[in-house]
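Have a look at the structure below before the remarks.
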Amino acid sequence: AARALIFDLDGVLTDTAHTHYEAWKQLADEIGVYFDRDINERLKGVDRLASLRIILERAERSYSAEEQLELATRKNSYYVEAIQRTSPKDLFAGVDRVLADARQAGLKIGLASASRNARTLLDKLGIVDRFDYIADAGAIRHAKPAPDIFLDVAAALGVPPSHCIGVEDAAAGITAIHAAGMAAIGIGDARALAQADVVLPDIAALRLGDVVSS
Ligand code: G6P
Ligand code: MG
């Protein structure tokens with residue numbers, strides 16, 4: 001039976017997948033590079049510089065490492081500005097209940113987000129204290145789709161991966177969860193998340209009783 005739930009953040013607990021998209025879109029427009037929501041699907045769960053490299057695939061010129069750093073920093077400043085006014089009312093419906101049910105069932109609760117803004121965001125959402133462990137994205141060697149971040153969280157929680165369930169909205173995240181030897185719940189589009197063990201339209205549809213016993 002499951003002993004831990006390990007959550008992604010952006011697009012799972014709150015709508016920041018959209019906020020990241022808007023920040024990248026602003027940057028892409030400024031440098032005259034085409035970017036749309038289909039390309040954005042490839043960015044979900046992917047770290048900041050790797051995301052920029054995907055956007056720059058369509059650029060007409062190449063960008064030096066220094067320029068790339070400037071662009072990534074600029075995008076982050078748009079994103080940080082956008083999340084300033086985040087509050088508990090920005091939590092997706094159902095998150096509060098799922099966290100309460102998990103606690104009630106005696107499950108450990110971890111966060112495996114590639115975002116370096118994750119702790120700040122959880123704090124603004126008012127749920128930072130409800131996690132037993134929050135991975136430090138900057139300290140993880142291989143980004144999703146590698147399993148590293150999920151394995152780091154499982155180890156910190158003291159739960160073997162086979163007893164962990166990962167919850168993700170990104171294809172790269174589902175791959176990472178499976179590579180870590182965990183069961184994967186996909187949140188969002190069933191076609192984009194076809195590899196997941198279960199796909200739910202949103203976190204409000206997550207009933208702990210259905211997943212924990214299996
Ligand atoms: C998450 C999001 C990505 C984002 C990444 C890095 O994985 O899904 O869209 O690029 O975190 O976020 P950061 O806040 O560190 O730029
Ligand atoms: Mg996500």
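What you see is a predicted model, and the numbers here were worked out from it, not measured in a lab. Note that ligands are numbered from 1 as they come in the structure, with each ligand's atoms numbered from 1 the same way.
- At a 3.5 angstrom cut-off on N or O pairs, Asp8 does not count as close to ligand 1.
- Looking only at distances, no side-chain donor or acceptor of Asp132 sits under 3.5 Å from a matching main-chain atom of Gly110.
- Nearest to atom 2 (C) of ligand 1 among the protein's heavy atoms is Asp10 OD2, 3.4 Å.
- Within a 6.0 Å radius of CD in Gln84, other residues, nucleotides and ligands contribute more than 12 heavy atoms.
- Among all non-hydrogen protein atoms, the one lying nearest atom 7 (O) of ligand 1 is Gly45 CA, 3.2 Å.
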Enumerate donor-acceptor pairs with a distance under 3.5 Å from any side-chain N or O in residues 37-46 to protein atoms, sequence neighbours excluded.
unit_1, atom_1, unit_2, atom_2, d
Glu41, OE2, Lys44, NZ, 2.9
Arg42, NH1, Glu57, OE1, 3.2
Arg42, NH2, Glu57, OE1, 3.4
Arg42, NH2, Glu57, OE2, 3.0

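- For atom 5 (C) of ligand 1, the closest heavy atom belonging to the protein is Val46 O, 3.3 Å.
- A donor-acceptor pair is defined here as one N or O able to donate and one able to accept, closer than 3.5 Å; no such pair exists between the side chain of Thr16 and the backbone of Thr19.
- Regarding atom 16 (O) of ligand 1, its nearest protein heavy-atom neighbour is Arg48 NE, 2.7 Å.
- Taking a cut-off of 2.8 Å, the protein N, O or S atoms nearer than that to the Mg ion (ligand 2) are Asp8 OD2, Asp10 O, Asp169 OD1.
- Using a 4.0 Å cut-off between a side-chain N of Lys or Arg and a carboxylate O of Asp or Glu, Asp29 and Lys25 qualify as a salt bridge.
- Nearest to atom 15 (O) of ligand 1 by heavy-atom distance, out of Lys44, Lys144, Arg116, His20, is Arg116.
- Residue Leu157 belongs to a hydrophobic cluster whose other members are Ile6, Tyr133, Ile140, Ile149, Phe150, Val153, Val159, Ile177, Met182, with links defined by side-chain heavy atoms closer than 4.5 Å.
- With rounding to the nearest 0.5 Å, the separation of CG in Leu99 from CG in Leu107 is 11.0 Å.
- Between Tyr79 and ligand 1, no N or O atom pair is found at a separation short of 3.5 Å.
- We find the CH2-CZ distance between Trp24 and Arg74 to be 11.0 Å, quoted to the nearest 0.5 Å.
- Residues passing the side-chain contact (heavy atoms from CB on, under 4.5 Å) test with Asp96 are Arg130, sequence neighbours excluded.
- Of the N and O atoms on the side chains of Asn117 and Asn76, at least one donor lies less than 3.5 Å from an acceptor on the other residue.
- The closest approach between any non-hydrogen atom of Ser51 and ligand 1 is below 4.0 Å.
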